[in-house]
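One structure below.
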Amino acid sequence: MAPPQLVQGYKELQKVFISGNLQQTGVLLTKLKIGLTEAGLFVPYGNPDPQDLVLARDVLEVGAFWSIRTKDIPSFDRYFSQLQTFYNDYSSILPPSPREYPLRGLNLIRLLTQNRIADFHTTLESLPLPADSLTANPYIAHPINLEQWLMEGSYSKVWNAREEAPTEEYKFFVDSLMGTIRNEIAGCEEAAYDSLPLKDAATLLFFKSQNELLTFAQQRGWQVDLTAGKITFAKKTEEKVEIPKERLISANLQYARELEQIV
């Protein structure tokens, strides 16, 4: 059985996390990970008590959600990786976790934000769900739809998907996707136009306010004329490549002379 202090710390973690105190949640997670390691539950082996495994799984799940809420993606990666043992190796002796598929869905969207499309499909195929029921699970259907819309270039659907996110944590990754999409659209605008009206640029880039657009324009080095109500795009100057004509001619003549000597 897990030590009493570990059980007490676990109960305190649940209360603090529900209250929304992220700083204190982080402090408790650090202490509990040490306690889990000492109890042989952080990386379980053998035949541990199922109740202890549920406790350890719950702590790691809270850690994964806490990582998203604090925008710490490497931390989320570590927590989710550690959870695989509980989700895969001990699934036959543990009761299902209501947090499992929300976290699996978040991991799928994380792969999309990192443009790891091959890993996305491999992970999707490895889920312990029948292929024909994947879209019936809202936490899995959401990233599946996002991936399809990204491939189609249906960026407006990706933007609208933010409001349809099954949990608040999903919105963080959708926002990250939109950041990538905006940069792609901005590159197309720079290549296709010399300038655009502010309103049109905001619409194309899915910005709700002019201030958001102005901040983005500054980051891209665009010139903004508020009086005229337009944005002028910064054109990248092409580097001129100087061809060393005299050196090439000299080399060719030398090559010709060498050929004559051979003949």
Side-chain angles (χ1 to χ4, degrees), residues 17 20-23 25-26 64-77 80 102-103 105-117 119-120 138-238:
F17 180 65
N21 188 333
L22 295 178
Q23 182 176 0
T25 297
F65 278 111
W66 170 83
S67 299
I68 299 298
R69 294 182 185 182
T70 56
K71 302 181 179 180
D72 188 344
I73 304 307
S75 175
F76 173 79
D77 292 350
F80 188 79
L103 286 172
L106 285 168
N107 181 56
L108 286 169
I109 299 183
R110 173 187 67 88
L111 295 174
L112 287 180
T113 62
Q114 297 172 348
N115 200 30
R116 294 166 58 184
I117 305 302
D119 290 337
F120 173 88
Y139 304 107
I140 305 303
H142 195 265
I144 288 175
N145 289 335
L146 284 175
E147 192 268 343
Q148 180 180 344
W149 295 332
L150 285 171
M151 296 302 101
E152 294 173 353
S154 302
Y155 297 145
S156 60
K157 291 182 179 180
V158 176
W159 172 248
N160 292 331
R162 188 184 190 281
E163 303 307 319
E164 301 168 1
T167 70
E168 283 296 314
E169 288 79 14
Y170 279 63
K171 294 182 179 180
F172 168 74
F173 282 120
V174 174
D175 288 343
S176 296
L177 276 176
M178 287 308 302
T180 301
I181 288 170
R182 283 192 179 104
N183 282 316
E184 289 185 7
I185 294 173
C188 294
E189 289 178 349
E190 290 169 345
Y193 304 103
D194 292 324
S195 64
L196 274 178
L198 286 172
K199 185 177 180 181
D200 292 347
T203 300
L204 287 170
L205 293 165
F206 302 98
F207 284 123
K208 292 183 178 179
S209 71
Q210 182 171 285
N211 286 337
E212 290 176 325
L213 174 61
L214 295 179
T215 300
F216 185 80
Q218 185 178 21
Q219 294 170 350
R220 300 284 303 192
W222 295 344
Q223 296 178 359
V224 179
D225 188 338
L226 293 175
T227 304
K230 72 174 184 179
I231 285 178
T232 302
F233 301 116
K235 295 293 183 181
K236 295 181 180 179
T237 57
E238 296 183 359

- Message: Between W159 and R182, does the side chain to side chain contact (heavy atoms under 4.5 Å, CB included) criterion hold? Intermediate values first, please.
- Response: CA-CA 11 Å; W159 172 248; R182 283 192 179 104; 3.6 Å; yes
Which heavy atom in [X] sits nearest to a heavy atom in [Y], and how many Å separate them?
{"X": "F80", "Y": "L103", "value": "CE1-O, 3.6 Å"}
{"X": "F173", "Y": "T113", "value": "O-CG2, 3.5 Å"}
{"X": "A186", "Y": "L205", "value": "N-CD2, 4.1 Å"}
{"X": "P138", "Y": "P166", "value": "O-CG, 4.0 Å"}
{"X": "T25", "Y": "N21", "value": "OG1-O, 2.7 Å"}
{"X": "A64", "Y": "F76", "value": "O-CD1, 3.5 Å"}

Taking side chain to side chain contact (heavy atoms under 4.5 Å, CB included) as the test, write out the residues that go with [X], two or more places apart.
{"X": "E184", "result": "Y155, T180"}
{"X": "S209", "result": "N211, E212"}
{"X": "T70", "result": "L22, W66, D72"}
{"X": "D175", "result": "R162"}

- Query: Going through the distances and angles, do V158 and M178 end up as a side chain to side chain contact (heavy atoms under 4.5 Å, CB included)?
  - Reply: CA-CA 8 Å; V158 176; M178 287 308 302; 3.9 Å; yes
Rounded to the nearest 0.5 Å, what separates atom [atom1] in [X] from atom [atom2] in [Y]?
{"X": "L150", "Y": "K157", "atom1": "CG", "atom2": "NZ", "result": "12.0 Å"}
{"X": "N160", "Y": "N145", "atom1": "CG", "atom2": "CG", "result": "12.5 Å"}
{"X": "D225", "Y": "I231", "atom1": "CG", "atom2": "CD1", "result": "10.5 Å"}
{"X": "S176", "Y": "L112", "atom1": "OG", "atom2": "CG", "result": "11.5 Å"}

- Only counting residues at least two apart or in another chain, list the ones meeting salt bridge (Lys or Arg N to Asp or Glu O under 4.0 Å) with E169. R69
- Item | K171 atom NZ, over 12 foreign heavy atoms within 6.0 Å | yes
- Query: In terms of heavy-atom contacts, does CD of Q218 have more than 12 from other residues, nucleotides or ligands at under 6.0 Å?
  - Reply: no
- Message: Ignoring hydrogens and geometry beyond distance, is a side-chain donor-acceptor pair present between S195 and T232 at under 3.5 Å?
- Response: no
- Taking the six-membered ring of F172 as reference, does the NZ or CZ atom of R110 fall below 6.0 Å from its centre and within a 45° cone about the axis? no
Check whether any side-chain heavy atom of [X] sits under 4.5 Å from a side-chain heavy atom of [Y], and report yes or no.
{"X": "L111", "Y": "I117", "result": "no"}
{"X": "V224", "Y": "L213", "result": "no"}
{"X": "L226", "Y": "Q210", "result": "yes"}
{"X": "N183", "Y": "F216", "result": "yes"}
{"X": "I185", "Y": "F206", "result": "yes"}
{"X": "L108", "Y": "I144", "result": "no"}

Residues in side-chain hydrogen bond (donor to acceptor under 3.5 Å, both in side chains) contact with [X], at least two apart in sequence or another chain:
{"X": "W222", "answer": "E190"}
{"X": "Q148", "answer": "E152"}
{"X": "D119", "answer": "R116"}
{"X": "E164", "answer": "none"}

Output all residues satisfying ring-ring contact (aromatic ring centres under 6.0 Å, His included) with [X], sequence neighbours left out; order by chain, then residue number.
{"X": "Y170", "value": "H142"}
{"X": "W149", "value": "none"}
{"X": "F17", "value": "none"}

- Task: Report the C-alpha distance between E147 and I109 in whole Å, list the side-chain angles of each, state the deciding distance to 0.1 Å, and finish with yes or no for side chain to side chain contact (heavy atoms under 4.5 Å, CB included).
- Result: CA-CA 8 Å; E147 192 268 343; I109 299 183; over 6 Å; no
- Which is it for L196 and E189 under the side chain to side chain contact (heavy atoms under 4.5 Å, CB included) test, yes or no, and what are the steps along the way? CA-CA 9 Å; L196 274 178; E189 289 178 349; 4.1 Å; yes
